[in-house]
Student: 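Below is a structure I'd like to ask you about.
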Amino acid sequence: MASSGSISIHAQNIMPIIKKWLYSDKDIFIRELVANGCDAIAKRKIADPGAEVEYRVTVEADEAAGELRFIDNGIGMTAEEVEKYINQVAFSGAEEFLKQYGDEKNPKGGIIGHFGLGFYSAFMVADKVTIDTLSFHEDAASVRWTSEDGMRYEIDEGSRDLPGTTITLHLAEAEHEFLHEHTLRETLEKYCAFMAVPIFLGKGEQPINDTNPLWLKNPSDCTDEEYKAFYTKVFHDFEPPLFYVHLNVDYPFNLKGILYFPKLRQDFGGVAEGQIKMFSGQVFVADNIKEVIPEFLTLLKGVIDCPDLPLNVSRSFLQNDGYVKKLSAYITRKVADKLTGLFNTERENYQKYWDDINPFIKYGCMKDESFYERMKDALLFKLTDGTYVTLAQYLEANREKAENKVFYATDATLQAAAIAMYTSQGIGVALLNSLIDVNYISFLEFKNSDVKFSRVDAGVDGLTADADAAQEQPDAGKLTAFFRDALGDDKLDVTVTALRDEALPAMVTEDEQARRFKDMSRIYGGNFAMPAQCKLTLNSRSPVVAALAKREANEETLEICRQVFDLAQMAREPLEAQALSAFIARSNKLLSMLLSRDA
C-alpha cells in the first residue's frame with residue numbers, strides 16, 4: 001500500500017554529532033557565535049534602516065561565574081522566532097529572512113549564516129546555554145531561552161530592554177581556558193579579525209577587528225605603504241614582500257584578495273609553504289584550502305575573500321564543484337598575468353625579482369599546465385655574467401656555436417674552469433643552482449623537444465682546440481694505464497685530447513642523464529640512480545700531462561695521477577668525506593716529497 005511522509009530528526013541523535021564531528025576545531029564556536037551576532041546586525045540594518053544605533057558585538061568573560069557572553073544589538077528575536085529558529089536544528093533563519101528582505105543587487109545582504117547550525121556549536125564547550133533576546137519590533141517582548149544539552153529547553157520572559165541578543169555560555173569545567181583573555185583574544189584575532197561589524201573584547205575601548213580590510217578597497221585607492229603595512233600586520237613578517245597582486249572582481253564571481261610574493265629560500269626543493277588565508281564574507285575559513293589555492297600558489301602569502309564559496313555545514317571545508325575549479329583557475333590566471341605584465345612592461349624590475357621568485361615560477365610551471373602556457377615566454381635564465389635571457393634569446397645568441405643546446409652550471413665557483421672555456425668562445429652559460437632545477441630542466445626538455453640542456457662538465461664537445469703539430473703528443477696508452485692503475489679501475493674511460501685551456505691538466509665529465517638521476521637520488525632518496533658513467537679527459541696541451549707521460553710507473557707517479565684526478569673531480573663537485581681526507585693526506589705527502597728534494 002503506497003504512503004508518504006516526512007523524515008524526522010531527533011535531537012538526541014543529532015546533537016552528539018554536532019558536538020563531536022561537525023567542527024574540526026573546538027574554538028570555532030567563538031567564530032560561529034560572533035558571526036551570528038554580525039548576521040543579526042546585518043539583518044537589522046536591512047529591516048530597520050532608519051535606526052540610529054552604534055552597532056557592535058561584544059564578547060565578555062566572567063571567570064568567577066564560569067560564563068562567556070556574546071552580546072549584539074542586532075535584530076533580536078520574538079518568542080515565535082526563537083521557537084522557529086532555535087528549537088529547530090538546521091532551520092536557517094538567514095534563508096527565510098533573505099526571502100523577505102533580499103534583493104538582486106545584494107542577494108546575501110552581507111549575511112554569513114546559511115545552514116542554521118552555528119549556534120549549536122556552543123554545546124561543544126558549554127553545559128548550559130542561555131539566550132536573552134528582544135526583537136527590534138516595537139511591540140515585542142523580551143524572551144529567555146535556556147538549555148543544558150541542546151535537546152531540552154525552557155522559554156521564559158527575558159530581561160533585555162534594548163533590541164539585540166545576549167548568548168551566555170556556562171562553560172564546562174574542562175573548557176575554562178576560553179575564559180582567559182589571552183585565549184579569547186587569540187581566537188578572536190584568528191577568526192574574526194576582519195568581520196564587518198566592530199567586535200569588542202570585554203570593556204576594551206577599541207575593536208579587535210578591522211571592518212574595512214585593505215582587500216575590499218579599490219586597488220587604485222591603496223598605497224604601497226598600506227600594502228606593506230597590511231602584510232606585516234597579518235603575517236608578522238617584517239621583511240617586505242617583493243610585490244603583490246590585488247584581486248578585485250565581481251563577475252563571474254565575487255572575489256577579492258591580495259597575494260604577496262615573499263622572498264623564497266634559494267635551497268627550495270619542491271616543498272615549501274606560505275600562507276594564504278581564505279575568507280568568506282570577511283569570516284576566516286582556513287589557511288591554504290587546496291581546492292581553491294593551487295598547490296604551487298601556497299608558496300605565496302595572502303588573503304582571498306569569496307562570499308559565495310560553497311562551504312560545507314561546518315564552514316571549514318569546501319564542497320567540490322565546478323565553481324571552485326573556475327575560482328582556482330581564475331586565481332592562477334591573475335597571478336600569471338601579473339608576472340607576464342611585469343616582464344613585458346617592467347623587464348628590469350622583473351629581472352631584479354627573478355632570483356627570489358624563480359623557484360615559485362618553476363614549481364608552478366611544472367605543477368600547472370595553464371600556468372606554464374601563460375608564463376613560457378617570460379621564463380628567464382640568469383647567465384654567469386649576471387645577464388638575464390629567455391630561452392629563445394639564449395638559443396638565438398648561441399645558434400652558430402651550440403645549436404639548440406643550453407649549457408649550464410650548478411656552481412659558478414667550482415665549475416669556473418669549464419665555464420671559462422665556454423664563455424671564452426662567446427657561449428653563454430646559464431646558472432641553474434636551485435634544487436628544483438634538477439627537475440625543471442627535464443621538464444623544459446619535455447616541453448621543447450628539440451632543446452637539450454648540458455651541464456658544463458657533461459662532455460668536452462666544443463671545448464677542444466687544434467693540437468700543436470710541433471708539440472710532442474703524450475703517449476695516450478701509457479697515460480691510460482697509469483690512471484687505471486692509480487684509481488684501481490681497469491675500465492676507466494680515459495681520453496687524451498687538446499683542450500682550449502692549457503693550464504687545465506684534466507677534466508672529469510659525466511653523462512648528463514646519469515648525473516641527473518644521481519642528483520635526484522641524492523635529493524629525494526631512493527635507489528634509482530644509474531651507475532656512474534664518468535670519463536677522464538687529459539689535456540695534451542698541459543705541461544703536467546706532458547711531464548707525467550714521461551715518468552716511469554712507480555708509486556710516486558700513481559700518487560700524482562690520483563692528485564690530478566681528484567683536482568679534476570673538485571672542479572665539478574665537492575669530494576666526499578673519505579676522498580677529501582685522502583686528498584689532503586696525499587697533498588701533504590707530495591709537498592714533503594717536493595721539499596725534501598730541494599733540500
Student: Is the shortest distance from a Lys or Arg side-chain nitrogen in K256 or D250 to a carboxylate oxygen in the other one below 4.0 Å?
Tutor: yes
Student: Checking V456 against R572 for the side-chain contact (heavy atoms from CB on, under 4.5 Å) test, could you report, in this order, the C-alpha distance in whole Å, the side-chain angles of both residues, the deciding distance, and whether it holds?
Tutor: CA-CA 9 Å; V456 289; R572 56 188 294 272; over 6 Å; no
Student: Any salt bridge between R56 and D72, counting N to O under 4.0 Å?
Tutor: no
Student: If you count the non-hydrogen atoms of other residues, nucleotides and ligands that lie under 6.0 Å from CD in E63, is the total more than 12?
Tutor: yes
Student: Pairing donors with acceptors under 3.5 angstrom, does anything connect the side chains of Y363 and E295?
Tutor: yes
Student: Report yes if the side chains of V406 and Y394 come closer than 4.5 Å at any heavy-atom pair, otherwise no.
Tutor: yes
Student: Quick one: pull up CG in L247 and CG in L259 and give me the separation to the nearest 0.5 Å.
Tutor: 5.0 Å
Student: Would you mind checking if K190 and D27 are paired as a salt bridge, meaning a charged N to carboxylate O distance below 4.0 Å?
Tutor: yes
Student: Going from CG on L33 to OG on S121, what distance comes out if it is rounded to the nearest 0.5 angstrom?
Tutor: 5.0 Å
Student: Can you tell me if R455 and T410 form a side-chain donor-acceptor pair at under 3.5 Å?
Tutor: yes
Student: Please answer whether the main-chain N or O of V197 pairs with a side-chain N or O of N209 as donor and acceptor at a distance below 3.5 Å.
Tutor: yes
Student: Side chains of D224 and Y244 only: does a donor on one sit below 3.5 Å from an acceptor on the other?
Tutor: yes
Student: For the residue pair L255 and I304, establish whether any side-chain heavy-atom pair is separated by less than 4.5 Å.
Tutor: yes
Student: Classify the ring geometry between F371 and F296 as parallel (under 30°), tilted (30 to 60°) or perpendicular (over 60°).
Tutor: tilted
Student: Determine whether M366 and N439 make a side-chain contact, defined as any pair of heavy atoms from C-beta on separated by less than 4.5 Å.
Tutor: yes
Student: Say whether, by atom type as modelled, one donor and one acceptor occur between the side chain of N73 and the main chain of E54 under 3.5 angstrom.
Tutor: yes
Student: Is the shortest heavy-atom distance from the side chain of D368 to the side chain of T332 under 4.5 Å?
Tutor: yes
Student: Classify the ring geometry of F381 against F453: parallel below 30°, tilted from 30° to 60°, perpendicular beyond 60°.
Tutor: tilted
Student: Ion pair present between K452 and E512, side-chain N to carboxylate O less than 4.0 angstrom?
Tutor: no
Student: Would you say the ring centers of F123 and F29 fall short of 6.0 Å from each other?
Tutor: no
Student: Are any of the side-chain heavy atoms of R44 and V53 separated by less than 4.5 Å?
Tutor: yes
Student: Report yes if the side chains of V125 and F178 come closer than 4.5 Å at any heavy-atom pair, otherwise no.
Tutor: yes
Student: Could you give the distance from CZ (F70) to CD (E32), rounded to the nearest 0.5 Å?
Tutor: 11.0 Å
Student: Looking at residues at least two apart in the chain, or sitting in another chain, which of them share a ring-ring contact (aromatic ring centres under 6.0 Å, His included) with Y372?
Tutor: F443
Student: Do S370 and R333 pair up side chain to side chain, a donor and an acceptor below 3.5 Å, judged on atom types alone?
Tutor: no
Student: What orientation do F230 and W215 show, parallel under 30°, tilted 30 to 60°, or perpendicular over 60°?
Tutor: perpendicular
Student: Which distance, rounded to the nearest 0.5 Å, do you find between the CG of D237 and the CD of Q275?
Tutor: 10.5 Å
Student: Count the heavy atoms of every other residue, nucleotide or ligand shown that sit under 6.0 Å from NZ of K338, and state whether that count exceeds 12.
Tutor: yes
Student: Which atoms form the tightest heavy-atom contact between T58 and E60, and what is the distance?
Tutor: CG2-CG, 3.9 Å
Student: Counting only heavy atoms not in E186 (residues, nucleotides, ligands), do more than 12 fall under 6.0 Å from its CD?
Tutor: no
Student: With a 4.5 Å limit on heavy-atom distance, are the side chains of D450 and N448 in contact?
Tutor: yes
Student: Check for me whether K277 meets the cation-pi criterion with F284, that is, NZ or CZ under 6.0 Å from the six-membered ring centre and within 45 degrees of the ring axis.
Tutor: yes
Student: Considering only NZ, NE, NH1 and NH2 on the basic side and carboxylate oxygens on the acidic side, decide whether D221 and K217 come within less than 4.0 Å.
Tutor: no
Student: Between atom NZ of K352 and atom CG of L242, what is the distance when rounded to the nearest 0.5 Å?
Tutor: 12.0 Å
Student: Report the distance from atom CG of D457 to atom OH of Y408, rounding to the nearest 0.5 Å.
Tutor: 8.0 Å
Student: Is it true that K228 and E239 have a side-chain N and a carboxylate O under 4.0 angstrom from each other?
Tutor: no
Student: With side chains defined as the heavy atoms from C-beta onward, is the minimum distance between P262 and L300 less than 4.5 Å?
Tutor: yes
Student: Would you check if the side chain of E373 reaches a backbone N or O of E369 as a donor-acceptor pair within less than 3.5 Å?
Tutor: no
Student: Less than 4.0 angstrom from a charged side-chain N to a carboxylate O is my criterion; do E445 and R516 meet it?
Tutor: yes
Student: Please say which of F243, F261, F238, Y260 ends up in a ring-ring contact (aromatic ring centres under 6.0 Å, His included) with Y231.
Tutor: Y260
